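Some notes on the structure that comes next.
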Amino acid sequence: MLDRKLIREQPEIIRQALADRGCECDLDEILELEKQRCEVTSQVERLKSRRNQAGEQIAAGKKSGQDVQAEIVAMRGISGEIKVLDGRLKEVENRLDSELLKIPNIPHGSVPRGDERANQEIRCWGELPRGEFEYKPHWELGERSGILDPVRAAKIAGARFMVYRGAGARLERALIQFMLDLNIQEGGYTEIFPPLLVNRDAMIGTGQLPKMENDIFRIQAEELYLIPTAEVPVTNLHCQEILKAGQLPIKYVAYTPCFRREAGTYGKDTKGLVRQHQFNKVELVKIVRPETAYAELEDLVQDAEKILQKLELPYRTLVLSTGDMSFASAKSYDIEVWHAGAKRYWEVSSCSVFGDFQARRANIRFRDEAGKVQYCHTLNGSGLATSRLLPAIMENYQETDGSINMPPALVAYLGGRKKITPDGEWE
RNA sequence: GGAGAGGUGGCCGAGUGGUUGAAGGCAGCUGCCUGCUAAGCAGUUGUACCCUUUACUGGGUACCCAGGGUUCGAAUCCCUGCCUCUCCGCCA
């Protein structure tokens, strides 16, 4: 949610930002509604002031035994007017809110303008594996060895679900544990395990709704939503709170399954783990003071990259352009890991700073040293998504015979085991 | 799922229709005072929005879980929802 005062006073800034994003939003309607809101508020409050005064007089009159019937009758008219104006105000506010919730965030000045072609690679790490053979995609390796079983997953749930078996399940679990431990011990994050279903307010708070209605699973009977990312419950942990300055920065790490409908992606990326309705992700969330937000973003990206470095997986980091950023983001870095079988990079993390955009929606504030209440800034990033990480390990660490070596950093999490054989057993 | 109780300011806790944004206590802050600690005295302490202003200057409105309703007027009465607690049942 953008600052209404900013929209009112400098609409050209917002117009430029929307144009950079390639967003067609109607700012004029918002400006008009905002004007109406101020006018009607003013009117109705004047009437209420009169009503309050009259109330005192009636009370005093009754106490001293005077006849106040005439005044009571007179106030009936005022009360009626108030009711009408209150109704109008409510309607204006509802319309204004619903429009406001659809306006995306303003990109930071350092973000390159343009569509996805304007994304800039800012770092590249590691060397691409160069075996003397044809690298197989992970779905082939997985199905042949039986550690991934999409066919049985389809029987019980449908397309875009996966069953992990034996060494595959263990590897998935090891990755999650490894990333949690790393972020807790070296990154100083506090671990959270949140609810996987949340209410509508939480979804609005972080900006998934109302825009992404079609991409989210909804539990109809209860008006609850399956989280598409841990960002939603974890950021909203502090909604409606005024934090103490000393509590900031707050740094949380959370492993959760994530659920996405992936509507409109039929026929795309149908093989393997890269685009599933349910996948696992370790998420990093920060709530910080405004002046530290961009430094915190750089740290956040480093925390995510460190995981790939420890696992010795080659990756590159991009800064996303204004046209390619997500709805709520002010600036985003994507980290993409190399998949040797698919012969391409896949996004494994997206690290974003949101300014006060989410904090306004979720009403997350803090009291500074001067006693002034201001909005926090929020950030988050994957650290990391296993659905892109596990394939990277399978594909990059594979050998000619279809066996898969384990990254050395992970061996301790696998009970000392170092290799999965071509038939899915531990060697 | 069945039966009951309840949700008031940072915390505790009064308050069942009329100067109650809200008694009292605790905590916090500001003065005064005591050679330190403790005690004492006086004052003060929320958020959002509207109007006004050079200014968080001044004025106003709203907020006692949320949303409706009754009324000239509601923290107080009625309805709905949400949440918490107790007992019974069921259960990983």
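Order of the sequence lines sets the chain letters (A, B, ...), proteins ahead of strands, with each chain counted from 1. Owing to the predicted nature of the structure, the values given are computational and were not obtained by experimental measurement. Excluded from the calculations below are hydrogen atoms, water molecules and symmetry mates; all remaining heavy atoms, backbone and side chain alike, are included.
When rounded to the nearest whole Å, the span between CE of A:M75 and P of B:rA74 equals 11 Å. One interatomic measurement links the two molecules: NZ of A:K372 to P of B:rC29, which rounds to 22 Å at whole-angstrom precision. Going from atom CD of A:Q53 over to atom P of B:rG59 covers 14 Å, rounded to whole Å. Summarising the geometry, the separation between CG on A:D86 and P on B:rU70 is reported as 13 Å, rounded to the nearest angstrom. Rounding to whole angstrom units, CG of residue A:N94 and C1' of B:rG67 are separated by 12 Å. Rounded to an integer number of Å, the gap from A:E56 CD to B:rC72 C1' is 13 Å. In this structure, CD1 of A:I58 is placed 11 Å from P of B:rA74, rounded to the nearest angstrom. In this structure, CD1 of A:I78 is placed 14 Å from P of B:rU61, rounded to the nearest angstrom.
A side-chain N or O of A:T317 and one of A:E305 form a donor-acceptor pair less than 3.5 Å apart. A side-chain donor from one of A:Y225 and A:E223 sits under 3.5 Å from a side-chain acceptor of the other. Looking at A:E298 and A:Y333, their side chains do bring a donor and an acceptor atom within 3.5 Å of each other.
The partner of B:rU71, taking Watson-Crick or G-U wobble pairs whose two distances both stay under 3.5 Å, does not exist in any strand shown. Across the strands present, B:rA23 finds no partner; the criterion is a Watson-Crick or G-U wobble pair with both atom distances under 3.5 angstrom. For B:rG17, there is no paired nucleotide, since no Watson-Crick or G-U wobble pair has both relevant distances below 3.5 Å. Applying the Watson-Crick and G-U wobble criteria (two distances, each under 3.5 Å), B:rC29 pairs with B:rG43. Base pairing of B:rU54: no nucleotide in any strand meets the Watson-Crick or G-U wobble criterion (both distances under 3.5 Å). Pair check for B:rC91 finds none; no Watson-Crick or G-U wobble contact set falls under 3.5 Å. With a cut-off of 3.5 Å on both pairing distances, B:rC64 has no Watson-Crick or G-U wobble partner at all. Across the strands present, B:rG6 finds its partner in B:rC83; the criterion is a Watson-Crick or G-U wobble pair with both atom distances under 3.5 angstrom.
When heavy atoms are screened at a 4.0 angstrom cut-off, A:K244 is found touching no nucleic acid atom at all.
Rounded to the nearest Å, the gap between the P atom of B:rU76 and that of B:rG18 is 12 Å. Spacing of C1' atoms, B:rA92 relative to B:rC85, comes out at 23 Å, to the nearest Å. Atom name P, nucleotides B:rG43 and B:rA48: the rounded distance is 28 Å, in whole Å. When the P atom is used for both B:rC88 and B:rA27, the distance is 40 Å, rounded to whole Å. B:rG15 sits 8 Å from B:rA75 when the C1' atoms are compared, rounded to a whole Å. Between B:rA22 and B:rC63, the two C1' atoms lie 12 Å apart (nearest whole Å). Nucleotides B:rG21 and B:rU61 are separated by 13 Å at their C1' atoms, to the nearest Å. Rounded to the nearest Å, the gap between the P atom of B:rC29 and that of B:rA39 is 14 Å.
To the nearest 0.5 Å, the span separating CG on A:N236 from CG on A:N363 amounts to 11.0 Å. In this structure, CG on A:L2 lies 5.0 Å from CD1 on A:I7, to the nearest 0.5 angstrom.
Checking B:rG67, B:rC72, B:rG60 against every side-chain atom of A:R76, the shortest atom distance belongs to B:rC72. Distance from the side chain of A:K83 is smallest to B:rU70 among B:rC72, B:rU70, B:rU61.
Contact annotation: the side chain of A:W426 approaches that of A:L414 to within less than 4.5 Å [non-hydrogen atoms, C-beta and beyond]. Contact of the A:T229 side chain with the A:R260 side chain is registered, since non-hydrogen atoms from C-beta on lie closer than 4.5 Å.
Where A:R50 and A:K62 meet RNA chain B, the nucleotide closest to each residue was compared, and A:K62 sits on the side nearer the 5' end.
The phosphate of B:rU61 has OP1 or OP2 within less than 4.0 Å of a side-chain N or O from A:N52.
In summary, the aromatic rings of A:Y413 and A:F178 are positioned with their centroids under 6.0 Å apart.
Ion pair A:E186/A:K306 flagged as a salt bridge, since at least one NZ, NE, NH1 or NH2 atom sits closer than 4.0 Å to an Asp/Glu carboxylate oxygen.
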Heavy-atom protein contacts under 4.0 Å, nucleotides 45-53 of chain B, coded B base, S sugar-phosphate only, - none:
-SSSBBS--

